[in-house]
Amino acid sequence: MTKTPIEFWFDFSSGYAYFAAAVIDDVAERHGRSVLWRPYMLGVAFKQTGARGLSSTPMKGDYARHDWARLSRKTGLRFNPPPNHPIVALPASRAFYWIEQSDPDLARRYAKAVFQAYFAEAKDLTDPAAAAAVGAQLGIAQEDLEAGIADDLVKSRLKHLCDEAIAKGVFGSPFFIVDGEPFWGWDRIPMIEEWLASGGW
């Protein structure tokens, strides 16, 4: 029986998604699973829930910045987002789905490269050219990727997946779905491991 992939829903400007992206493929592999990487626009979920981002929420924002620095020290992952963090990561999300049409594995590699460029190298990815430049480092022609970001079908694809996320009850980043079971947050990854190992409870 084929095991279903772990759905990994995230916004590219989510600090906790950055830490999750570094480990989720390894978690899945240990349990004979694959990962379905699904960038979406967290702002769409905020409209549904009435929430707002951690960075712009009093007290929570201060805590999150402290926690991200702590996670960086613990994991060894550099955490150095650009000064205008958080951004609306629309170009990178569209770029991902344009790449995925022909090469899902390359799209996954692109997503990891985007996280690295944004959170480790402080690159502002609000400009489509900047998002395409990340793809160029992976051998994707920058002009082609910029055109893909502007493609109406790709725009529709991202919108459809944002709607799909809401329909599935996805409201945060990172958000995981394992065999229909939802898990919200980077700190749920150990629970996901236990769930996969035991078959759930």
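Computed from heavy atoms alone, side chains included, the values below leave out hydrogens, waters and symmetry copies.
Within the model, atoms CD1 of Ile99 and CZ of Arg109 stand 9.5 Å from one another, a figure rounded to the nearest 0.5 Å. Residue Trp98 holds its CH2 atom at 5.0 Å from CG of Asp144, rounded to the nearest 0.5 Å. Here Arg108 contributes atom CZ and Asp25 contributes atom CG; the two are 5.0 Å apart, rounded to the nearest 0.5 Å. Between the CD atom in Glu7 and the OG atom in Ser34 there is a gap of 10.5 Å [rounded to 0.5 Å]. In this structure, CG in Leu158 is found 9.5 Å from CG in Asp163, a value given to the nearest 0.5 Å. Within the model, atoms NZ of Lys155 and CG of Leu90 stand 8.5 Å from one another, a figure rounded to the nearest 0.5 Å.
Nearest heavy-atom pair, Ala111 versus Phe10, reported as atom, atom and distance to 0.1 Å: CB-CZ, 4.4 Å. When every heavy atom of Gly32 is checked against every heavy atom of Lys3, the shortest pair comes out as O-CD, 3.8 Å. Contact between Val44 and Ile166 at its shortest, heavy atoms only, is CG1-CG1, 3.9 Å. Across all their heavy atoms, Gly135 and Tyr110 have their closest contact at N-CE1, 3.6 Å. In terms of heavy-atom proximity, Leu125 sits nearest to Pro91 at O-CG, 4.0 Å. Listed here is the closest heavy atom pair of Pro82 and Lys123: CG-O, 3.9 Å.
Between Tyr18 and Trp186, the ring centre distance reaches or exceeds 6.0 Å.
You'll find the side chain of Leu71 stays beyond 4.5 Å of the side chain of Phe79, heavy atoms only. Counting only heavy atoms from C-beta outward, the side chains of Val35 and Glu29 never approach each other to under 4.5 Å. Leu138 is not listed as a side-chain neighbour of Lys112, based on a closest heavy-atom distance of 4.5 Å or more. Put simply, the side chain of Glu194 reaches to within 4.5 Å of the side chain of Trp201, judged on heavy atoms. Side-chain contact between Thr75 and Val23 is absent, with no heavy-atom pair separated by less than 4.5 Å. Between Trp37 and Glu100 there is no side-chain heavy-atom pair separated by less than 4.5 Å. Contact annotation: the side chain of Tyr118 never approaches that of Val134 to less than 4.5 Å [non-hydrogen atoms, C-beta and beyond].
In this structure, the side chain of Ser173 does not engage the main chain of Ser14 through any donor-acceptor pair within 3.5 Å. No donor-acceptor pair under 3.5 Å is formed between the side chain of Glu193 and the backbone N or O of Val27. Although no hydrogens or angles enter the test, the distance criterion places no donor-acceptor pair under 3.5 Å between the side chain of Arg38 and the main chain of Trp9. Tyr97 places a side-chain N or O within 3.5 Å of a backbone atom of Pro39 that can act as its donor or acceptor partner. Of the possible polar contacts, none joining the Arg94 side chain to the Gly148 backbone as a donor-acceptor pair under 3.5 Å is found.
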Side chain to side chain contact (heavy atoms under 4.5 Å, CB included) between Phe19 and Ile189: does it pass, once the steps are laid out? CA-CA 11 Å; Phe19 291 104; Ile189 289 178; over 6 Å; no
Begin from the C-alpha positions of Val178 and Met191 and carry the test side chain to side chain contact (heavy atoms under 4.5 Å, CB included) through to its verdict. CA-CA 11 Å; Val178 181; Met191 183 181 286; over 6 Å; no
What do the steps show when you test Trp68 against Phe119 for ring pair (Phe, Tyr, Trp, His ring centres under 6.0 Å), and what is the final call? CA-CA 11 Å; Trp68 292 327; Phe119 282 107; 7.4 Å; no
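If you chain together hydrophobic residues whose side chains sit under 4.5 Å apart, Tyr40 and Leu36 never meet in one group.
Just one of Trp195, Phe8, Phe175 meets the ring pair (Phe, Tyr, Trp, His ring centres under 6.0 Å) condition when paired with Phe183; it is Trp195.
Few gaps surround CD on Glu181; more than 12 heavy atoms of other groups in view lie less than 6.0 Å from it.
Comment: Arg30 does not engage Asp26 in a salt bridge, judged by the lack of any side-chain N to carboxylate O separation of less than 4.0 angstrom.
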